[in-house]
Amino acid sequence: MKKQVVVIGLGRFGTSVCKELYRLGHEVLAIDTNVDRVDYLRDYSSHAVVANATDESELKSLGVRNFDHAIVAIGDNLQASVLCTLMLKEIGIAKVWVKARDLQHQKILEKVGADKVIQPENEMGIRVAQHMHSDKIIDY
Ligand code: ATP
């Protein structure tokens, strides 16, 4: 079923999530404060908009409340990541998934209501190790 997803923060992680969701046929609204990153995603999203995701009125004017899923992919700016997550939950988005840079960040995000917290480097590291491990078993 087609989902309506807002992706906030278009670094490497947010860009990959956005492009893949769009390729899979979902409606994707891409948001970043960086004009170049937004421009790049114009062809790989339903809408790409320059906006500050810590500004509640900007988020509301973009119609974010109508989306059922949000991905917050702001890693370095802890304050922006937490504030944005809190606002998205207050606006009423059912599923808010957030990228965290470390465990401390993850704990704060869980406290403010993130539905899922992702640490991409950790998770990918585990997957790569498991992949290597299972290859070894097959080789043996
Ligand atoms: P990656 O590792 O995925 O490349 P990163 O964690 O290094 O990402 P950051 O530099 O933290 O990425 O930010 C990701 C994006 O979030 C950047 O493109 C940045 O412009 C954007 N961003 C940061 N703050 C805001 C904000 N308040 N509103 C919208 N976008 C923001």
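Every number for a ligand or one of its atoms is a count from 1 in the order of the listing. Below, all heavy atoms of this structure are taken into account, side chains as well, without hydrogens, waters or symmetry copies.
Between the side chain of R42 and the backbone N or O of A48, at least one donor-acceptor pair lies under 3.5 Å. D115 places no side-chain N or O within 3.5 Å of a backbone atom of W97 that could act as its donor or acceptor partner. When atom types are taken as modelled, the side chain of K89 and the backbone of A94 share a donor-acceptor pair closer than 3.5 angstrom. Judged by distance alone, with hydrogens and angles left aside, the side-chain atoms of K19 form no donor-acceptor pair with the main-chain N or O of R23 at under 3.5 Å.
Ranking protein heavy atoms by distance to atom 6 (O) of ligand 1, first place goes to K99 NZ, 3.0 Å. Of all protein heavy atoms, the one lying nearest to atom 20 (O) of ligand 1 is D32 OD1, 2.6 Å. Taking atom 11 (O) of ligand 1 as the reference point, the nearest protein heavy-atom neighbour is D76 N, 2.6 Å. The protein non-hydrogen atom at the shortest distance from atom 28 (N) of ligand 1 is A53 N, 2.9 Å. In terms of protein heavy atoms, atom 31 (C) of ligand 1 is closest to T33 OG1, 3.7 Å. In this structure, atom 25 (C) of ligand 1 lies nearest to the protein heavy atom I74 CD1, 3.7 Å. In terms of protein heavy-atom proximity, atom 2 (O) of ligand 1 is nearest to R12 NH2, 2.9 Å.
Considering backbone and side-chain atoms together, N52 places an N or O closer than 3.5 Å to an N or O of ligand 1. In terms of polar-atom proximity, defined here as any N/O pair under 3.5 Å, F13 does make such a contact with ligand 1. Close N/O approach between N77 and ligand 1 is not found [any backbone or side-chain N/O within under 3.5 Å]. Geometrically, ligand 1 and R37 share a nitrogen or oxygen pair separated by less than 3.5 Å. Here's the thing with A73: none of its N/O atoms is less than 3.5 angstrom from an N/O atom of ligand 1.
Heavy atoms of L10 found under 4.0 angstrom from ligand 1 belong exclusively to the backbone. Proximity of A51 to ligand 1, defined as any heavy-atom pair under 4.0 Å, is confined to the backbone N, CA, C and O atoms.
Each of N66, V96, L59 was scored for a side chain to side chain contact (heavy atoms under 4.5 Å, CB included) with I91, with one residue passing: L59.
The existence of a salt bridge linking E56 and K60 is confirmed by a sub-4.0 Å separation between a basic side-chain nitrogen and an acidic carboxylate oxygen.
H69 NE2 to I93 CD1: the interatomic distance, rounded to the nearest 0.5 Å, is 9.5 Å.
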